[in-house]
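First up is the structure itself, then whatever we jot down about it.
Note that the coordinates shown come from a computational prediction; the quantities given were computed from them, not determined experimentally. Each chain gets a letter, A, B and so on, in the order its sequence line appears, and its residues count up from 1.
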Amino acid sequence: MSMDVRAIPGGPADASRPPRPLVEFWYHFRRNKGAVAGLAVILIIATVAVLAPWIAPHDPLVQNRAAILQPPVWHDGGSWSYVLGTDDIGRDILSRVIHGARLSMLVGLIVVTLSLAVGLTLGMVSGFFGGVVDVAIMRLIDIMLAMPSLLLAVVVAAILGPGLFNAMLSVAIVVVPHYARLIRAAVLAEVSKDYVIASRVAGAGPLRLMLVTILPNCMAPLIVQATLGFSTAILDAAALGFLGLGAQPPTPEWGTMLASSLQFLQRAPWVVTWPGVAILVTVLAFNLLGDGLRDALDPKLKR
Amino acid sequence: MPPPPRCGAAAIRLPFPIPYPPMLRFLLTRAGLVVPTFLGITVLAFFLIRLVPGDPIEVRVGERGIAPERLAELRHAMGLDQPLWKQYADYLGNVLTGDFGVSLVTRNAVIDEFLSLFPATIELAAAAILFAVVVGLPAGVLAAVRRGSVVDHTVMGLSLTGYSMPIFWWGLLLILLFSVNLGWTPVSGRLDLLYYVEPETGFMLIDTLLAGDTDAFRSALRHLVLPAVVLGTIPLAVIARMTRSAMLEVLGEDYIRTARAKGLREKRVIGLHALRNALIPVVTVIGLQAGTLLGGAILTETIFSWPGIGKWLVESINRRDYPALQGGILLIATTVIAVNLLVDLLYGVLNPRIRHAR
């Protein structure tokens, strides 16, 4: 327990001044090895996603008739030119998985941004104004939460029509209630505190109170939820792709890749293995990071 | 600074007498909350389907085209020329009398199709949650008791992996291993074609037993194992994590220290005093898995060709059978609401703190 007593490294020598928030955050965060590993994996995947066209050994869409269902390099008949093997029309699986990282990160980013923007607005308004507005918004959210989220996403995607963008939209709609509830709870906890009342007395309008005074104090749960939101978004978008409601072939989206390789499950298991591994590793990394962030940002668990 | 408000006897005294016994009051209030939610779901189901691009009749007629007079006639017959609120009122009236529309493809009543397929999904979901509880509960308790040990880290690592699992891929891996490579379990369906069992209850395990056919029962069981494991994976992870944190919380309580101080054996302290109190939040979490199970059934049933409502919904989407889709989502959401209500009521019965709270 000597760790807890020791002064936080990087903090100023003068003990009367608190350490800078980022330094303090990193101090708590890095003690969680799983979270650090998750962060490292995410950084690697993000780099791969950005550099995909340059590091992928092949074009993800180019078919090679001479190398159909070729096994990975460590199997008999595998070759170094197709490290993870090829699919049923001779496309390089490694290149497709690498380009899939691009789509999955993009899906996560767009879904989280969209749902966060809408959820933040609804939750803020609901928590800040209360009354009829609050009741109306919360009823709507209860209704959405009564539907299994994947079912709702499937139905919305079916109505909007298949496609990657519609899949992102439906997943984003489905997760809005979670953000709205979270923000509302955080706002309710802050709104009657002295500093908010002081700001109100000083003449701050509702917009300033909401965005400048209250919002910064609600950031911790939001950051955690947004991180976990990446994993939900990637998982659900892949599930929609798998059901044929997401990205359409030949797009190298991980769920879509799994769906179109189903019939080769017995003959060429590697076609099925790698997209799934990619989904699992990415989702796991975001969940690890989210858990670590929660521990590091939640003041109740901090000490 | 004013002194902090004191909690204690003063806080419990109510300014007015409660007209009903607290338990009844709790049950009525909680049950009453379901009504607006249900109405909201009907609005959602009604308008979601209206969002489908194109006129429902023209969509149905497709490429063939239709004469304008005939179109107007059909629109009138289906009530599509009525104002929207009237259409919704009619829809709600139909739903409340058990009329959920007619499937475009099979021409059967949606409610009949749903009810004939629902037992298969319930059987699968029940087996999945059984698997999740039987494995997850002891795993969570073990992790909490051995906090910080290798066992704890393993259980938590595995459960986070399970929680992150794309179950459609997990199902394929298990099929590859157990069905294709080892040949232990069948790849799809509920029963070998060799057997025929008269559907009495719709639950294959019960029907085969009623028919007294043990071979068929074994076949049904072998068909059930893999899909149940796949569908139960995420609930298993959730239950293990929840049990662990609930146990950790309870193990720090004074009454546990008292039980130990009395000289009770550790097994009794953990198994009786701690677990019973830790179970309260765990039961709620188990109940909340109803939504996860019905959502996950869409993927699991598609992979294993399990003839339940999940597979039926996906097929309805692919066939553009919108009445079936509309009825299906309404019925599934109603089921989830009902299960959540039951769990909440059960929670109130189990936990006196909730029962007596205002």
Side-chain angles (χ1 to χ4, degrees), chain A residues 33-34 38 135 139-162 174 231-232 234-236 238-239 241-245 254-255 258-259 261-262 265-267 269 272-288 290-291, chain B residues 33-34 36-41 43-45 48-53 153 156-157 160-161 163-170 172-173 175-177 179-181 187 290-299 302-303 310 313-314 316-318 320 322 325-326 328-329 332-337 340:
Chain A
K33 290 191 199 92
V135 171
R139 281 291 101 187
L140 182 71
I141 277 166
D142 280 351
I143 292 162
M144 287 179 76
L145 286 175
M147 297 273 234
S149 66
L150 184 64
L151 172 71
L152 192 54
V154 162
V155 171
V156 175
I159 287 166
L160 294 174
V174 166
S231 60
T232 319
I234 292 170
L235 210 49
D236 284 0
F242 181 76
L243 290 172
L245 293 166
W254 293 336
L258 276 178
S261 56
L262 274 186
L265 184 61
Q266 302 196 23
R267 269 171 62 205
V272 178
T273 311
W274 299 110
V277 171
I279 301 173
L280 175 61
V281 169
T282 315
V283 173
L284 186 58
F286 275 108
N287 280 337
L288 280 169
D291 274 8
Chain B
L33 279 176
V34 166
T37 313
F38 176 77
L39 286 179
I41 295 283
V43 174
L44 199 66
L48 268 181
I49 302 305
R50 288 295 177 283
L51 291 178
V52 174
H153 288 305
M156 285 302 99
L160 196 65
T161 311
Y163 187 70
S164 310
M165 190 65 86
I167 59 168
F168 42 98
W169 178 69
W170 178 226
L172 296 178
L173 282 195
I175 291 178
L176 199 59
L177 179 62
S179 306
V180 177
N181 288 345
V187 178
T292 314
L293 288 171
L294 287 174
I298 297 175
L299 295 166
T302 303
I303 301 166
L313 269 182
V314 173
S316 301
I317 288 173
N318 290 337
R320 305 194 163 274
Y322 291 114
L325 189 60
Q326 187 178 31
I329 56 178
I332 290 178
T334 309
T335 312
V336 174
I337 296 175
N340 287 348

Just so I understand: if I count every heavy-atom pair under 4.5 Å between each of [options] and chain A, which residue has the most?
options                               : answer
B/Ile329, B/Val314, B/Thr334          : B/Ile329
B/Ile175, B/Leu313, B/Ile332, B/Val43 : B/Ile332
B/Ser179, B/Gly291, B/Gly310          : B/Gly291

Quick check for you: among [options], which has the greatest number of heavy-atom pairs under 4.5 Å with chain B?
options                      : value
A/Leu284, A/Val154, A/Leu150 : A/Leu284
A/Gly161, A/Ser231, A/Ala238 : A/Ala238
A/Thr273, A/Ile234, A/Val156 : A/Thr273

Tell me whether B/Trp169 contacts the main-chain N or O of A/Val272 through its side chain, where contact means a donor paired with an acceptor under 3.5 Å. yes
Please look at [X] and chain A and tell me whether the side chain, the backbone, both or neither of the residue comes under 4.5 angstrom of a heavy atom of that chain.
X        : answer
B/Thr161 : both
B/Leu293 : neither
B/Leu325 : side chain
B/Ile167 : neither
B/Leu39  : neither
B/Ile41  : both
B/Leu160 : both

Rounded to the nearest 0.5 Å, what's the gap from [atom1] on [X] to [atom2] on [Y]? Could you check?
X        : Y        : atom1 : atom2 : value
B/Leu48  : A/Ile159 : CG    : CD1   : 4.5 Å
A/Ile279 : B/Phe168 : CD1   : CZ    : 4.5 Å
B/Ile303 : A/Phe242 : CD1   : CZ    : 4.5 Å

Atom of [X], atom of [Y] and distance for their closest heavy-atom approach:
X        : Y        : result
B/Leu299 : A/Ala239 : CD1-CB, 4.0 Å
A/Ala146 : B/Ile337 : CB-CG1, 3.8 Å
A/Gly276 : B/Pro166 : O-CG, 4.2 Å
B/Ser164 : A/Leu280 : O-CD1, 3.7 Å
A/Pro148 : B/Leu294 : CG-CB, 4.2 Å
B/Leu44  : A/Leu152 : CD2-CD1, 4.4 Å

Which pairs, with at least one residue in residues 140-155 of chain A and sequence neighbours excluded, count as a salt bridge (Lys or Arg N to Asp or Glu O under 4.0 Å)?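 Checked against salt bridge (Lys or Arg N to Asp or Glu O under 4.0 Å) - neighbours excluded - the pairs reaching residues 140-155 of chain A are A/Arg139-A/Asp142, A/Asp142-A/Arg181.
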Given a strict heavy-atom distance threshold of 4.5 Å, which part of [X] is in contact with chain B: side chain, backbone, both, or neither?
X        : value
A/Val277 : both
A/Leu262 : side chain
A/Asp236 : neither
A/Leu245 : side chain

Residues in side chain to side chain donor-acceptor pair (under 3.5 Å) with A/Trp274, at least two apart?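 Not a single residue meets the side chain to side chain donor-acceptor pair (under 3.5 Å) criterion with A/Trp274.
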